[in-house]
**Student:** 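Structure provided below as structure tokens; questions to follow.
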Protein chains: 2
Amino acid sequence: MKPTIYDVAEKAGVSIATVSKVVNNTGHISEKTRKKVMKIMEELEYQPSSLAAALTGKKTYTIGVLVPDIANPFFAEVARALENNARETGYSIILCSTDYQLEREQEYLELLLKKQVDGIIIATELKELKALQKLRSRNIPFILFSIDHLSLSAHVVTTDDLRGGYLAGCYLLEKGHRKLAMITEMERPSGRLRLEGFKQALADQKIELDSNAIINAKSKIEDAKLAAQKILQMKERPTAVFASTDLIAAVFINEARKAKVLVPKHISVIGFDNTIYAELSDPGLTTIAQPISDLARYAIQQLLEAIEEPSMPGRRIMLTPTLVERESVKDLTR
Amino acid sequence: MKPTIYDVAEKAGVSIATVSKVVNNTGHISEKTRKKVMKIMEELEYQPSSLAAALTGKKTYTIGVLVPDIANPFFAEVARALENNARETGYSIILCSTDYQLEREQEYLELLLKKQVDGIIIATELKELKALQKLRSRNIPFILFSIDHLSLSAHVVTTDDLRGGYLAGCYLLEKGHRKLAMITEMERPSGRLRLEGFKQALADQKIELDSNAIINAKSKIEDAKLAAQKILQMKERPTAVFASTDLIAAVFINEARKAKVLVPKHISVIGFDNTIYAELSDPGLTTIAQPISDLARYAIQQLLEAIEEPSMPGRRIMLTPTLVERESVKDLTR
DNA sequence: AACAGTAAGGAAAGCGCTTAACTTATTAAC
DNA sequence: GTTAATAAGTTAAGCGCTTTCCTTACTGTT
């Protein structure tokens, strides 16, 4: 059987309180006793039960992470970055992939509450604000990751999508493109913001984005294909396309090739996210990079702060994305 | 504050034992009392602490999952499938991504022990058998996922890599290819097995695989590029290439295009894994599909059985991969 | 009427730990 | 030499539950 603190105490001839103090480095313990206890712990391969500790100490050192789909490279990267940061501070992560289903989101939140996680990072686009209400009333801190809600005063760590779209727009303009199109996920706030930013960039140059140059598509292969075809078949084809995710952009490049339209020779493409798709597509995809590891670092840091200080008022951290240049955009100015 | 079983008991005018029985559906409780208690629980939004339950009941309903890199699409899919299956049976998952580092693996195992997970699924290629020894001595069940160890009598759920390689070989032969090459990860057992199976298929037809037609490469973009170039520059170029992962295959296709060698017109490619890379590459990649969701289902099922019945002898479940045909292999026979 | 059998519920121990409060022993201060 | 402060440990309560063993009150049997 797994040895308990009692076994250690007995064998070392001290009280369990002493052992506990050695383990947690608290209180006053002589070097001699500490050594002795340590030795016994080694011998017995004693491992404190964090379960029991949590029951008293009030912390489980576990945080829940809610993502819509872990198989999506963006969230996979996010999960990895979060996990890394959490590990460094002694926390572990319970991963919940909701598969974009609301009820599952609800289910998972309940579960996490039951498991008494110390905090939650939510990267799913929740519609159910009342779920959050519950977290709030239970006083369990949470961070909205890469999503935001106007109606909510919560902790938020997100990419500045608006600025990202603006960045993309500016870059294309700078490269001499004037006839533009965008494929974006209109049902997602981030998709809409990216579009807004993009429009803004054009507007600054007195250029208007034709409304049928805006194609709505989910970040799914099939959807993206259709959207790509729509653009490729336009009578007046744009010289550059801004895709709101790398997946969409990658699919666009493939579709273009099939239609004998070469990227970047005949048409330029810029993506968003900087996932492995961007690196893997041919030509390499110029894209707006989300600062995933920074986002993760801030999210964890922010969450830990909120755990220590639950009354902390909501804080919004917005990180600026950066442009990663590869080969998918042609410079028309020279 | 979170309500406890005491709050419920008091408000319902019963003992905590009764509440516990209602919650767990054990013992003899009258319909009337049950209703009453239920109602109070609703009112108070009572949520039993699984922590406290675990401390007595002995189960945490949590399982640990160790993967080398969650950002790798294969493992992302695995994690997702495992999580799905676990959820259905009321378990949740602590995800640990070791980043291919041994020490981290060790660290995580300790952590999982501390957290008292009910079982562990290990999908990292561990070198440290002594870590497993510890699990064994602690009597905590584990499953090796997609890896195996001759020296070990453990529970194993894996793809039949040998057969997968064989399948790839047979398919290429069937399509009339005789001059073949393979890019594989020699330092991984699965990479070696895939090669073995491939060789076997050729041997069955009295064809030998030239030893310099076997290129060693890790499943990383850089490595894969180099390997691809090597093959593309051969004086006598093979007509078909078997890549031991989809990533390698996808990179190969891109490199080939850069070298003006078209797939499948000039050279055929077959991959392994059937991850999103296969779907996304252009042309679509014909590949050997790992039965990920079946693997996951068996792994969880197997693990739960082992949790119930820890003395169960090691069992090896090997699932046969299947071929998914897309467009990257040319039929030379017609 | 006496008995066993069963249904309903409660008392209390214990899971493995933390921590506040307390007891000694030791040292410092004047 | 007395007091105060500090160091080193211990005692014991309590975290929120499960579970074993009881008690009590019925019901049915002979």
Side-chain angles (χ1 to χ4, degrees), chain A residues 1-38 40-41 44-62 90 111 113-118 138-140, chain B residues 1-38 40-41 44-62 90 111 113-118 138-140:
Chain A
M1 235 7 255
K2 200 171 181 286
T4 74
I5 200 172
Y6 288 96
D7 302 325
V8 176
E10 188 178 354
K11 197 152 180 202
V14 298
S15 75
I16 61 163
T18 304
V19 176
S20 174
K21 280 172 190 157
V22 170
V23 169
N24 299 297
N25 241 309
T26 55
H28 302 277
I29 302 291
S30 69
E31 205 41 41
K32 196 165 137 244
T33 315
R34 150 172 272 101
K35 281 265 164 61
K36 188 170 56 182
V37 172
M38 297 276 239
I40 303 288
M41 293 201 297
L44 263 43
E45 298 192 1
Y46 169 70
Q47 212 124 22
S49 153
S50 50
L51 232 60
L55 197 54
T56 23
K58 291 285 112 211
K59 289 228 274 177
T60 54
Y61 290 97
T62 306
L111 189 99
L113 283 181
K114 236 194 275 196
K115 291 244 156 122
Q116 245 136 332
V117 294
D118 295 335
R138 277 280 199 282
N139 229 342
I140 141 150
Chain B
M1 232 8 253
K2 200 171 182 288
T4 74
I5 200 171
Y6 288 95
D7 302 325
V8 177
E10 188 178 354
K11 197 152 181 203
V14 297
S15 74
I16 60 163
T18 303
V19 176
S20 173
K21 281 171 191 158
V22 169
V23 169
N24 299 296
N25 241 307
T26 53
H28 302 277
I29 302 291
S30 70
E31 206 38 43
K32 196 164 139 245
T33 314
R34 150 171 274 102
K35 282 264 165 59
K36 187 171 58 183
V37 172
M38 297 277 240
I40 304 289
M41 294 200 298
L44 263 44
E45 298 192 2
Y46 169 69
Q47 212 125 21
S49 152
S50 49
L51 232 60
L55 197 54
T56 24
K58 291 283 110 213
K59 287 228 274 177
T60 54
Y61 290 96
T62 306
L111 189 99
L113 283 181
K114 236 196 277 201
K115 292 243 157 123
Q116 243 134 336
V117 295
D118 294 336
R138 276 278 199 281
N139 231 343
I140 142 149

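Only a predicted model underlies this, so the values are computations on that prediction, with no experimental measurement involved. Letters A, B, ... are given to chains in the order of the sequence lines, protein chains preceding strands, and every chain is numbered from 1.
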**Student:** With nearest nucleotide decided by heavy atoms, which residue, B:K21 or B:Y46, maps closer to the 5′ end of DNA chain D?
**Tutor:** B:Y46
**Student:** Just checking A:S20: base, sugar-phosphate only, or nothing, at a heavy-atom cut-off of under 4.0 Å?
**Tutor:** base
**Student:** Students often get this wrong, so: under 4.0 angstrom with heavy atoms, is A:S15 touching a base, only sugar-phosphate, or nothing?
**Tutor:** base
**Student:** For A:S49 and A:A52, which heavy atoms make the closest approach, and how far apart are they?
**Tutor:** OG-N, 3.1 Å
**Student:** What integer distance in Å separates B:H28:NE2 from D:dT20:C1'?
**Tutor:** 13 Å
**Student:** Just the rounded figure in Å: distance from P of D:dG9 to NZ of A:K35.
**Tutor:** 13 Å
**Student:** With the side chain counted from C-beta on, respond yes when A:R34 and A:N25 share a heavy-atom pair under 4.5 Å apart, and no when they do not.
**Tutor:** yes
**Student:** Atom CG in B:L111, atom NZ in B:K115: separation rounded to 0.5 Å?
**Tutor:** 5.0 Å
**Student:** Is A:A17 touching bases, backbone alone, or none of the nucleic acid, heavy atoms closer than 4.0 Å?
**Tutor:** base
**Student:** Using a cut-off of strictly less than 4.0 Å, decide whether B:T56 has a side-chain nitrogen or oxygen near OP1 or OP2 of D:dT19.
**Tutor:** no
**Student:** Can you tell me how far NZ of B:K21 sits from NE2 of B:H28, rounded to the nearest 0.5 angstrom?
**Tutor:** 8.5 Å
**Student:** Whole Å only: how far is the CZ atom of A:R34 from the P atom of D:dA7?
**Tutor:** 14 Å
**Student:** Taking B:T62 for its side chain and B:T60 for its backbone only, find out whether a donor-acceptor pair lies under 3.5 Å.
**Tutor:** yes
**Student:** Does atom OH (A:Y61) have a neighbourhood of more than 12 heavy atoms from anything else shown, all under 6.0 Å?
**Tutor:** no
**Student:** Could you tell me how far apart B:I5 (CD1) and D:dT19 (C1') are, to the nearest whole angstrom?
**Tutor:** 12 Å
**Student:** Taking for each residue the nucleotide of DNA chain D bearing the nearest heavy atom, is the 5' side occupied by A:I29 or by B:A52?
**Tutor:** A:I29
**Student:** About how many Å separate CD1 of A:I5 and CE of A:M41, when rounded to the nearest 0.5 Å?
**Tutor:** 9.0 Å
**Student:** Just to be sure I understand the rule, does B:I16 reach a base, reach only the sugar-phosphate, or reach nothing, if contact means heavy atoms closer than 4.0 Å?
**Tutor:** base
**Student:** Hey, which sits more toward the 5' end of DNA chain C by its nearest nucleotide, A:V19 or B:E31?
**Tutor:** B:E31
**Student:** Contact class for B:T26 (heavy atom, under 4.0 Å): base, sugar-phosphate, or nothing?
**Tutor:** nothing
**Student:** What contact category does A:T18 fall into here, base, sugar-phosphate, or nothing, at under 4.0 angstrom with non-hydrogen atoms?
**Tutor:** base
**Student:** Rounded to the nearest 0.5 Å, what separation is found between the OG atom of B:S50 and the NZ atom of B:K59?
**Tutor:** 13.0 Å
**Student:** Is the shortest side-chain heavy-atom distance between A:L55 and A:Q116 below 4.5 Å?
**Tutor:** no
**Student:** What's B:S50 touching, base or sugar-phosphate or nothing? Going by heavy atoms closer than 4.0 Å.
**Tutor:** nothing
**Student:** Using the C1' atoms of five pairs at each end, what's the angle between the two axes of the helix from C:dA1-D:dT30 to C:dC30-D:dG1, to 10 degrees?
**Tutor:** 40°
**Student:** Does the side chain of A:I140 reach to within under 4.5 Å of the side chain of A:L113, using non-hydrogen atoms?
**Tutor:** yes
**Student:** Using chain B heavy atoms and a threshold of under 4.0 Å, write down where along DNA chain C the contacts begin and end, 5' to 3'.
**Tutor:** C:dA7 to C:dG16
**Student:** Using a 4.0 Å heavy-atom cut-off, does B:V14 contact any base of the nucleic acid, only the sugar-phosphate backbone, or nothing at all?
**Tutor:** sugar-phosphate
